[in-house]
Amino acid sequence: MGQKKKILDKIHFPSDLRKLPKNKLIALANELRSETIDAVSETGGHLGASLGVIELTVAIHYVFNTPKDRLVWDVGHQTYPHKILTGRRDKIRTLRQKNGLYGFTKRSESEYDPFGAAHASTGMSSGLGMAIARDLKKKKNNVICVVGDGAMSGGMAYEAMNNAGAEKSRLIVILNDNDMSIAPPVGALSNYLSRIISSGTYQSFKHIGGKLAKSFPKRIGTAAKKAEEFARGIVTGGTLFEELGFFYIGPVDGHNLNHLVPVLENAKKYKDGPILIHCVTKKGKGYEPAEKSDDKYHGVNKFNVATGEQQKSDSKAPSYTKVYANSLINEAKKDKNIVAITAAMPSGTGLDIFGAKFPSRCFDVGIAEQHAVTFAAGLATEGLKPFATIYSTFLQRAYDQVVHDVAIQKLPVRFAMDRAGQVGADGATHAGSFDITYLGCLPGFILMAPSDEAELVHMVATAVQIDDCPSALRYPRGDGIGIALPEEGIPLDIGKGRIVKEGSKIAILSYGARLHECIKASEILNARGLSTTVADARFCKPLDTKLIKQLALDHESIITVEDGAIGGFASHVTKFLSENSLLESGLKFRTLFFPDKFLAHGKPDDQYEEANLLAKDIAHTALQTLGTTKKQIDEILA
C-alpha cells in the first residue's frame, strides 16, 4: 500500500487537500477509492453510494472552504470518503461498530458534519435553514447540499426547493443522479455546455440579454426570454428546476474532476439565488462487483476485496423479512384483493419477492412514506387489502397520514413494520423504538408483535382477516430463532395471548421478540426454586385482560418485557391493573423497556444489554421484586 497512499497520507483535513495542485486530484481520488473499499471490506456498510461520490467529495472539499462553508449530505450513507478526508481516516475501520464512527453524518462526531441525517430528503430543508441564518447574521460562507436523485422522490425535497426558490437565498444544491433517472448519458457536448452555462461570461450575457429584452416591445422580449429558457431546457433537462427558481447547470460527469472542479468554482461565484448542479454518477464506481450489482452492494457485510464475496451469516434460520414476504405471497395466492406497498425499499422489506410473483399488485412509491400511507388508505376505500410494508423508523415520517387518513377513517390498512426494536450498526436513526407508543395511542388500532418467525406467519394471516379497522404488526431485523414454520398461517383470536410456561410465583409477560430471553430468564429463576410463568401477550391492542388478570391473581409479581420505548405495552398493562385495583392487593409489578435515550450503534446484543433486556436483566428484575438483596442477586446470577 505504501507508495500508492503517498498523497492520501498527507491529507489529514480538507485544508491539506486544498494545497494540492489540480493535476494531483485524480490520483488522490483513486487512492481514496481504494481506501474506502479496503475499509468497508473490514467493517461492512454502505459501499456503493460512497464509491459513487469519490470524485465529487474530492472536488467539493477542494473548491469550498469546509467546515466554514457548510456541507450537508442528504441521507448521509455516502459519506465514508468524506469522513476519511475530514480527520477521521484513523478511525474509519471502526465504522458502524460500538464506540466507533457512525455510518451516517453526525454533528457530535465532527465539525465537518453540520447536520446529522440518515433519512432521505432532508438536505435542502436543513441547508436552506443554514443559508437563511447566514444571511440574517450577515455572513458570507457557502452552503452546499448533496442530494441523491432517490431523495427527489420525497415530497419534502420539493417543499424545500419551492421555499428556496421564493427566498432567493444563495444555496448550492448538487443533485447526485446515480441512476440516470433524469438525464440521458453524459457526453462531451453536455459537459462543455455545463462549464459555459456556469461561467461568469454566460451569466453576464444572460443578465445583459435580460436587460435588452426589457427594452424591446413586451411581446418580443417575452418571446426571446422563453426561447432561451426552452433551448436550455431541451439541452440540459433543467426546466423543472428553473421553474422552481433554481439556476440549473448540468448534466455534469460526476467522475470527471477536470469537469467538476471548474463547474463548482463557477457555482461558488454565483450570487443571484439558489443554484442546482446536476451530476451524473455511477453507484459502486471503480469496484467491479459493486458496479455490476449495485443493489447487493448498497449495504454490504464484510467482504473479500479480491473476489467481492460477502461474509455470510452462520444462521440456518430464515430472516423475518423473508418469512413475512413468503407468508404474504401465500395469502395473496388465496386472496386477490391483497396488495403491497413499499417506499423505495423493495429488497429491504422483502417485497421484491412479492413483486416477482404479483407485479401488478406490488407498488414501490419511492422515498415517499407520507404518500405511501395515504395511497394505501385510498386502496382500502375500494375494498382492497393493502399491506403498507415500511420500516418502523420510516413510518415515523408519515405519522400525520397514519392518524388523519387511516385511523380517523377506520380504514383497514395493514402496517407491516420491519426493523422493530434495535437494529445494530445503523444505530439510533434506524431503530424501531417508538411504534408501539405512537400507534398504541391511536383509537381503533389493532397491534400485534410475533415472538418468533412461526408466529409471524400466523399474524400475517390474521392481518388479512382484519377488515374493519387499521392494524399493525412489528418484527425485528435479522434471522429468526430457527423453529419450524407452519405450512400456512392460521388467523389468531384477536386480543388473545398464550401461556408458554406454567409457574406459580413470578410471571413474565412478554410482547414481541424478547420472548425467548424471557424463557431463558425463567430457566435461571426456576433453577433457584422460583417457579416462573412465561406468557406471550401477542397483542398490545386489544389487551388480553383475562390473561393479565389471571397472572396478577395467581402470582406474587409480574414483569412486562418489550423492545420499545416508554409509553408502549407496559403503559397499557399498567392502566388495566390500576383501573381494576389489581395493584392494591400487594402485587409486585415491574416494567422493562428501552431506556429514555437514543442507543448508540453497535451489535444488537450490546444494545439490548445496555437496555437491560437480556435474560440476566429480566431475572435480576424478578429477583428485585421479591426483595432479594443486590449481593444475593449478584451471587445467583454469577
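Looking only at distances, no side-chain donor or acceptor of Glu291 sits under 3.5 Å from a matching main-chain atom of Pro289. Under a 3.5 Å cut-off, the side chain of Gln310 and the backbone N or O of Val300 do not form any donor-acceptor pair. Side-chain N or O atoms of Asp74 include one that pairs as donor or acceptor with a backbone N or O of Gly123 at under 3.5 Å. Using a distance-only test at 3.5 Å, with no hydrogens or angles considered, no donor-acceptor pair links the side chain of Asp536 to the main chain of Arg498. The closest donor-acceptor contact from the side chain of Arg414 to the backbone of Ala340 lies at 3.5 Å or more, if one exists at all. Under a 3.5 Å cut-off, the side chain of Tyr287 and the backbone N or O of Val305 do form a donor-acceptor pair. Looking only at distances, no side-chain donor or acceptor of Asp479 sits under 3.5 Å from a matching main-chain atom of Ser315. Remark: side-chain polar atoms of His458 are not paired, donor with acceptor, to backbone N or O of Leu492 under 3.5 angstrom. With hydrogens and angles disregarded, a donor-acceptor distance shorter than 3.5 Å links the side chain of Ser319 to the backbone of Lys322. A donor-acceptor pair is defined here as one N or O able to donate and one able to accept, closer than 3.5 Å; no such pair exists between the side chain of Thr389 and the backbone of Thr349.
A donor and an acceptor atom, one from each side chain of His601 and Asp426, are nowhere located under 3.5 Å apart. Side-chain contact check for His278 and Asn176: no donor-acceptor pair (N or O, by modelled atom type) lies under 3.5 Å. For the residue pair Asn178 and Thr281, no side-chain donor N or O sits within less than 3.5 Å of a side-chain acceptor on the partner. Side-chain contact of Thr105 with Asp113: a donor-acceptor pair under 3.5 Å is absent, judged by distance alone.
Listed by first then second residue, pairs satisfying salt bridge (Lys or Arg N to Asp or Glu O under 4.0 Å) with a partner in residues 402-412 number zero, not counting sequence neighbours. Sorted by first and then second residue, the side chain to side chain donor-acceptor pair (under 3.5 Å) pairs involving residues 153-162 (not counting sequence neighbours) form an empty list. Residue pairs meeting the side chain to side chain donor-acceptor pair (under 3.5 Å) criterion with at least one member in residues 430-441, sequence neighbours excluded: Ser392-Asp435, Asp435-Arg474. For residues 357-379, the salt bridge (Lys or Arg N to Asp or Glu O under 4.0 Å) pairs, not counting sequence neighbours, are Glu369-Arg397. Residue pairs that meet the salt bridge (Lys or Arg N to Asp or Glu O under 4.0 Å) test with at least one member in residues 330-346, sequence neighbours left out, are Glu331-Lys334, Lys334-Glu488, Asp335-Lys385. Applying the salt bridge (Lys or Arg N to Asp or Glu O under 4.0 Å) definition to pairs two or more places apart or across chains, those involving residues 448-460 are Glu455-Arg538.
Within a 6.0 Å radius of CG in Asn301, more than 12 heavy atoms belonging to other residues, nucleotides or ligands are found. Annotation: Asp493, atom CG; neighbour count of heavy atoms from other residues, nucleotides and ligands within 6.0 Å does not exceed 12.
Two residues are said to be in side-chain contact when any heavy atoms from C-beta on lie closer than 4.5 Å; Thr43 and Arg96 fail this criterion. Side-chain contact between His82 and Trp73: present, with at least one pair of heavy atoms (C-beta onward) separated by less than 4.5 Å. When side chains are defined from C-beta on, Thr393 does not count as touching Thr429, because their heavy atoms never get closer than 4.5 Å.
Taking the six-membered ring for Trp and thresholds of 30 and 60 degrees, Phe394 and Tyr391 have nearly parallel ring planes, at less than 30 degrees apart. The aromatic rings of His46 and His77 sit perpendicular, their planes meeting at an angle over 60°, well past the 30° parallel limit.
Legend: residues meeting side chain to side chain contact (heavy atoms under 4.5 Å, CB included) with Lys603, ordered by chain and number and at least two apart, are Asp606. Residues satisfying the ring pair (Phe, Tyr, Trp, His ring centres under 6.0 Å) test with Phe593, not counting sequence neighbours, are none. Taking the side chain to side chain contact (heavy atoms under 4.5 Å, CB included) definition, one finds that Lys91 meets it with Thr94, Leu101, sequence neighbours left out. Residues forming a side chain to side chain contact (heavy atoms under 4.5 Å, CB included) with Glu517 (at least two apart in sequence, or on another chain): Arg514, Lys520, Leu614, Ala615, Ile618. Scanning for side chain to side chain contact (heavy atoms under 4.5 Å, CB included) contacts around Cys441 gives Tyr399, with sequence neighbours left out. Checked against salt bridge (charged side-chain N to carboxylate O under 4.0 Å, His left out), Asp418 has no partners two or more places apart in sequence or in another chain.
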(message) Walk me through whether Phe246 and Phe241 qualify under ring pair (Phe, Tyr, Trp, His ring centres under 6.0 Å).
(response) CA-CA 5 Å; Phe246 278 71; Phe241 305 114; 7.4 Å; no

(request) Using the side-chain hydrogen bond (donor to acceptor under 3.5 Å, both in side chains) rule, take His516 and Ser510 through it: C-alpha gap first, then chi angles, then the decisive distance, then the call. (result) CA-CA 9 Å; His516 292 273; Ser510 173; over 6 Å; no

(request) Please lay out, stage by stage, how Tyr324 and Tyr320 fare under the test ring pair (Phe, Tyr, Trp, His ring centres under 6.0 Å). (result) CA-CA 6 Å; Tyr324 164 76; Tyr320 281 97; over 10 Å; no

(request) Please step through salt bridge (charged side-chain N to carboxylate O under 4.0 Å, His left out) for the pair Glu55 and Lys285, ending with a clear verdict. (result) CA-CA 10 Å; Glu55 287 80 11; Lys285 175 71 173 177; over 6 Å; no

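For the pairing with Glu35, the salt bridge (Lys or Arg N to Asp or Glu O under 4.0 Å) check across Arg88, Arg93, Lys83 returns one residue only, Arg93.
The two residues His255 and Leu51 make their nearest non-hydrogen contact at CE1-O, 4.5 Å.
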